[in-house]
Amino acid sequence: MNFQSLVTILVLLGVFVDAQNDQSGFISIDCGIAKGSTYTDQVTGINYISDAEFRDTGEIHSIMPAYNSLDIYKHATTLTSFPQNTRNCYTLKPTQGKGNRYLIRTSFMYGNYDLKGQLPEFDVYLGPDYWDTMKFNSSSQPKTMEIIHVSSTDYIHLCLVNIGRGTPFISAIELRLVAGDMYKETDFGSLYLYARANFGTTLGTVRYNDDKYDRVWSPINLFDSTFLYTREQVSVGLSNVFDPPSEVMSSAATPRNPNDPFKIEWDPFNTNDKFFIYMHFAEVELLKRNQTREFNIYLNGNLSYGPFSPIYLNTASIYSTAPETIAPRYTLTINKTKNSTLPPIINALELYVLKQLTQRQTDHHDVVAIGSIKSYYRITRNWQGDPCAPQEFVWDGVRCSYNDTEMSRITFLNLSTSGIKGKIDHGFSYLTMIETLDLSNNNLTGTVPDFLSGMKFLKVLNLRGNNFIGPIPEELLAKSNNGSLSISFDGQSTDEEASSCVMNRCKNKKDKKFIVPVIATVASLFVILAAITTIWIINKQKAHGSIRQSNLHTNKSKTSSDGLEIKRQKFTYSEVQSITDNFKVVIGKGGFGEVYHGYIGDVQVAVKMLSASFQQGDKEFQAEANLLMSVHHKNLTTLVGYCNEGNHKGIIYDYIANGNLENHIFDTSLSVLNWEKRLRIACDVACGLEYLHHGCTPPIVHRDVKCTNILLNEKFHAKLADFGLSRAFPTEGATHISTLVAGTPGYLDPEYQSSYRLTEKSDVYSFGVVLLVIITGRPAIARYDNDNKHISRWVNLKLSDGNVKSLVDPRLQGEFDINSAGKAVELAMTCVDDMPNRRPTMKEVVMGLSDCLVTLQDAKTEILTGIVSLTLENAT
Ligand SMILES: *[C@@H]1O[C@H](CO)[C@@H](O)[C@H](O)[C@H]1NC(C)=O
Ligand SMILES: *[C@@H]1O[C@H](CO)[C@@H](O)[C@H](O)[C@H]1NC(C)=O
Ligand SMILES: *[C@@H]1O[C@H](CO)[C@@H](O)[C@H](O)[C@H]1NC(C)=O
Ligand SMILES: *[C@@H]1O[C@H](CO)[C@@H](O)[C@H](O)[C@H]1NC(C)=O
Ligand SMILES: *[C@@H]1O[C@H](CO)[C@@H](O)[C@H](O)[C@H]1NC(C)=O
Ligand SMILES: *[C@@H]1O[C@H](CO)[C@@H](O)[C@H](O)[C@H]1NC(C)=O
Ligand SMILES: *[C@@H]1O[C@H](CO)[C@@H](O)[C@H](O)[C@H]1NC(C)=O
Ligand SMILES: *[C@@H]1O[C@H](CO)[C@@H](O)[C@H](O)[C@H]1NC(C)=O
Ligand SMILES: *[C@@H]1O[C@H](CO)[C@@H](O)[C@H](O)[C@H]1NC(C)=O
C-alpha cells in the first residue's frame with residue numbers, strides 16, 4: 001500500500017498566531033456538574049458546560065476523593081450514570097450542522113463513585129451504530145474513546161447501552177469541528193482513534209490550545225530509541241492540512257543505534273481492522289553540508305514511501321490514502337537509505353481504525369418532526385437517540401420502514417393513552433411517510449386540523465377519546481368516504497361520522513339516502529339529479545383544489561429551505577402591507593372595516609383589516625382566527641391567514657373573483673342571472689350554512705347572512721363570507737355598533753329584538769330573506785305603497801293575490817319554471833316566519849331546495865338526458 005506525502009513547500013514565517021482562543025467549533029461537556037453550571041479548565045483553558053441539557057435521564061455523581069489527583073482533568077472528577085432504561089442518549093447539535101467532520105471524544109472515569117468497587121461494562125453507540133464496548137481494568141485511570149466522524153445530520157446522538165454488566169456512566173463529551181481538508185479519509189468511514197503519539201518529547205500531553213483542534217498528543221518514548229528536539233518553531237506550510245502543532249513537531253524519535261531502522265509494531269483490536277496511518281516529519285537539526293538524512297518507509301516489509309528527507313523546521317505528513325489491512329500484526333519500519341549519513345527520525349504518528357458506521361439513521365425530517373412532537377407534548381416515555389435505529393432500540397410506540405439504501409422512515413406512531421394535551425401539533429404533518437397515527441385516549445383539544453388530510457400515506461387515524469371541537473375537515477372525510485383512510489372519531493365509525501358531523505347535502509353520497517324519500521316518485525329523475533350533482537362537484541373540486549394547491553405553494557415559498565417551519569398562517573403587518581401593495585385597492589367595506597385586494601405569491605386574496613373600534617384581546621382574536629381557519633367547506637370562503645400585530649388586526653381570505661350576489665342581482669350593467677343559476681346559488685349558500693350549523697361543533701352561527709356576504713366565483717358557485725366574524729370579534733358591551741355586527745336591517749331576525757340572542761334560526765331567517773331577494777330581485781327593504789316595507793310583507797301581499805308569477809324578478813322576462821319558483825317562495829316564507837321554532841332547519845332547507853332543483857330538472861329532462869349519460873360514462 002502506498003502512502004502519500006504532503007510536503008510543505010511554502011514556509012511562511014510569522015504565521016504563528018499567539019495562542020488563539022477560538023472555541024467556536026467546540027462542544028465541551030462535563031458530565032455530572034450541576035445543571036447550568038460552567039467553568040474554564042485551568043490547565044487547558046477549555047470552557048466546559050453541564051451535560052444536563054443534552055440528556056433526558058441520568059443521575060449525577062462525583063468520583064471518590066481518593067481517586068482525585070492532580071493528573072486527572074477536572075472533567076473526569078464528576079460523571080452522570082444511567083441506572084434507568086437500557087439505552088440513554090445525549091443529543092449534540094453542533095452549530096456548524098451536518099456534513100462536517102467532527103472529532104468526538106468521550107471520557108470515562110469510574111473512581112468508585114457508587115462505592116460498589118465494581119467496574120461496569122457497557123456499550124457505546126454513535127448514532128445508531130455500535131461504537132465500542134467500554135471496559136475498565138482500573139478505577140483510577142480515565143479512559144477515552146475518540147472518533148473522527150462526518151455527521152450526516154444536524155445532531156449527533158451518543159448513546160450508552162446497558163448490557164447487564166453494571167450501570168453505564170460517562171464523565172465528559174468533547175466535540176471538535178476539524179478543518180475541511182483534514183482526515184478526508186473519512187470518505188471511507190469513520191476513523192476510530194487507535195493511537196496518537198508525540199515522539200521524543202520530554203513534555204507531557206499536548207492538546208488545546210497548542211493544538212487548535214484539541215487533538216490529544218500523548219508522549220511516547222520507545223525502548224530502543226532516543227530523541228532529538230529543537231527550540232525553534234516548526235511551521236506547517238499552507239499545503240499541509242493536518243496542521244500538527246509545533247509543540248509536537250519540535251521533537252522526534254530516532255533509533256538509539258544510528259544504523260538501525262526505526263520500528264513500531266502494533267496489533268489491531270480485531271484481525272480484520274483496517275488502519276489509516278498518518279506520519280508527521282520535520283527535520284529538527286540543522287544539517288551540515290556533508291550530512292544527509294534520507295529514508296524509506298516500509299509497512300510489513302513493503303515499501304510504502306521513499307526515499308524521503310524531512311525538511312528543516314517544516315512539517316511533512318505522509319499518510320495512507322486507502323485503508324491498510326495486514327493481519328495479524330502491523331510493522332512499520334523506517335530504514336535510512338544507503339546515501340543517508342543520518343539515522344531516520346519520526347516526530348508524530350496517528351493510527352486510526354476504519355469504523356464503518358453502516359446503520360441507516362432515520363430521515364432527518366422525521367427526526368425533527370418527532371422531536372418537535374416530543375417537546376410539544378413533553379412526552380415522558382423513553383424517547384432517546386435515533387427513533388428508528390438500531391432496530392432493537394426503536395422508540396416505544398414508533399415503527400419504521402427500513403431500507404438498505406434509504407434512510408429509515410417513521411411509518412407508525414401510537415401515542416394512545418399518553419396523557420398528552422393541547423392541540424394537534426403541526427409536527428405530525430411532517431411525518432410525511434406515516435401510515436398509522438393513533439392519538440386516542442388523550443386530552444387533546446382544539447379542532448381537528450386540516451393538515452391531516454394532506455398526509456399522503458395516512459391510512460389509519462384514531463382520534464377517539466379526546467376533547468376536540470369543530471368538525472372533521474371535509475377533505476379528511478372525503479378520504480375516509482372513498483376508503484383511502486380509516487378515521488376513528490369519538491364513538492363512531494367512519495360512516496356514522498360522515499353523517500353526523502358533516503352533512504354536506506350538496507355533495508356527500510349520503511345525499512342520496514336523504515333525498516330519496518323526497519323524490520321517490522321520480523326515481524329515474526333522481527339518477528339524473530345525482531349525475532348533475534356530480535358534474536357540478538367535479539368542477540368545484542377542481543377549482544377548489546387548484547386554489548388550495550397554490551396556497552400551499554405560497555406557504556412553501558414562505559417557509560425555510562428545509563420546509564420544516566410551521567405552515568404560515570400568521571402574517572406580520574408589514575407582510576400584509578406588501579400583500580396589499582400598501583392597501584392600494586379597496587374592494588369592499590364591511591361592518592368591521594375595509595377589504596383590500598392583494599396577492600400572496602400569485603394567489604389573489606382579500607384582506608379585511610379591522611377598524612380600531614373592533615379591536616379586542618390578542619389571545620381571543622388569535623383563538624378565534626385559529627378556529628375559523630379550521631373551517632373548510634366549498635361554500636364558505638377559505639381563511640388563508642390573519643394578522644395580529646398590536647392594533648393591526650386583519651383576516652386574509654381567498655379572493656373570489658366574481659363579486660357578491662347583491663351586485664349580480666341589482667347591477668343592471670351585469671348580465672342577468674338565470675333561474676337555474678339562482679336556485680343553485682341558493683342551494684350553495686344553504687349548504688354552507690348547513691355546514692356551519694350542523695357540521696361544526698360547537699355550531700357556528702353566521703349572524704350576518706345577506707347578499708353582500710355571498711360571493712360568486714367565475715363559475716357562479718357561491719361562497720359565504722364573513723362567517724363567524726361576530727364570534728371572533730364579539731361586541732358585547734359595545735352597544736353603539738351592535739346593529740352593524742348583529743346583522744343588517746332587513747336580514748335581521750325580528751325575534752332578536754326581544755331576545756337579543758342570535759341562534760341558528762336567526763340565520764335561517766336571514767337566509768329566507770336572501771332567498772326572497774334572489775327570487776324577486778327586490779331589496780330586503782323597499783318602498784311600496786309609500787312605505788318602507790320588508791320584502792316578506794311585500795311577498796305576502798303578492799301571494800294573497802295568488803300570483804306567484806308576478807313575484808319573480810322581472811329581469812328574467814318570464815324565463816323560469818313556475819313550479820320550482822312556487823316551491824322556492826313557499827320555502828323562503830317558512831324561513832322568515834316570525835316564530836323561530838316554526839322555521840325549518842338548514843338541513844330541511846337544503847332538502848327543500850334540492851326538491852326545487854329536481855322540479856326544475858323535471859321540466860328540462862329531455863334536454864339533459866344526453867349530457868347525463870355522457871357524464872355517467874366518464875364518472876365510471
Ligand atoms: C488493563 O488491561 C489491558 C488489557 O486488557 C492490559 O494490557 C493492561 O495492562 C491492564 N492495565 C492494568 C492497570 O491492569
Ligand atoms: C563532515 O564535515 C565535518 C566538518 O565540517 C567533519 O568534521 C565530519 O567528519 C564530516 N563528516 C562526514 C561523514 O564526512
Ligand atoms: C531495513 O534495515 C534493516 C537493517 O538494516 C534490514 O534488516 C531490513 O531488511 C530493511 N528493511 C527493508 C524493508 O529494506
Ligand atoms: C506486500 O507484502 C506482502 C507480504 O508481506 C506481499 O504478499 C504483497 O504482495 C506485497 N505487496 C506489494 C505491493 O509489494
Ligand atoms: C546520494 O546523494 C547525492 C547527494 O546528496 C546525490 O547526488 C545522489 O544521487 C544520491 N544517490 C542516491 C542513490 O540516492
Ligand atoms: C429501498 O427504497 C428504494 C427507493 O425507495 C426502493 O426502490 C427499494 O426497493 C427499497 N429496498 C428495500 C429493500 O426495501
Ligand atoms: C396503541 O397502543 C394501545 C395500547 O397502548 C393499543 O391498545 C392500540 O391498539 C395501539 N394502536 C395501534 C394502532 O396499534
Ligand atoms: C383529561 O381529561 C379527563 C376527562 O376529560 C380529566 O378527568 C382529566 O383530569 C384530564 N387530565 C389532564 C391531565 O388534564
Ligand atoms: C380519495 O379521496 C382523496 C381526497 O379526495 C383523494 O386524494 C384520493 O386520491 C382518493 N383515493 C381513492 C383511492 O380514490
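Numbering of ligands and ligand atoms starts at 1, following listing order. Reckoned from all heavy atoms, side chains included, excluding hydrogens, waters and symmetry mates.
- When all heavy atoms are compared, the tightest approach of I170 to S107 is CG1-O, 3.6 Å.
- Checking D438, L439, N462 against atom 11 (N) of ligand 7, the nearest heavy atom belongs to D438.
- Ring planes of H157 and Y155: tilted class, angle from 30 to 60°.
- Between S416 and ligand 7, not a single N/O pair is under 3.5 Å apart.
- Remark: the backbone N or O of Y402 is not paired with any side-chain donor or acceptor of S408 at under 3.5 angstrom.
- Per-atom contact check: atom 4 (C) of ligand 7 does not touch the protein, criterion being a heavy-atom distance below 4.0 Å.
- Residue, atom and distance of the protein heavy atom nearest to atom 14 (O) of ligand 7 are F412 CZ, 3.5 Å.
- Distance from atom 10 (C) of ligand 7 to its nearest protein heavy atom, with residue and atom name: N414 ND2, 2.3 Å.
- Remark: F108 engages F122 in a ring-ring contact (aromatic ring centres under 6.0 Å, His included) (not counting sequence neighbours).
- With 3.5 Å as the limit, one finds no donor-acceptor pair spanning the side chains of D654 and T637.
- The protein does not reach atom 7 (O) of ligand 7 closely, with no heavy atom under 4.0 angstrom from it.
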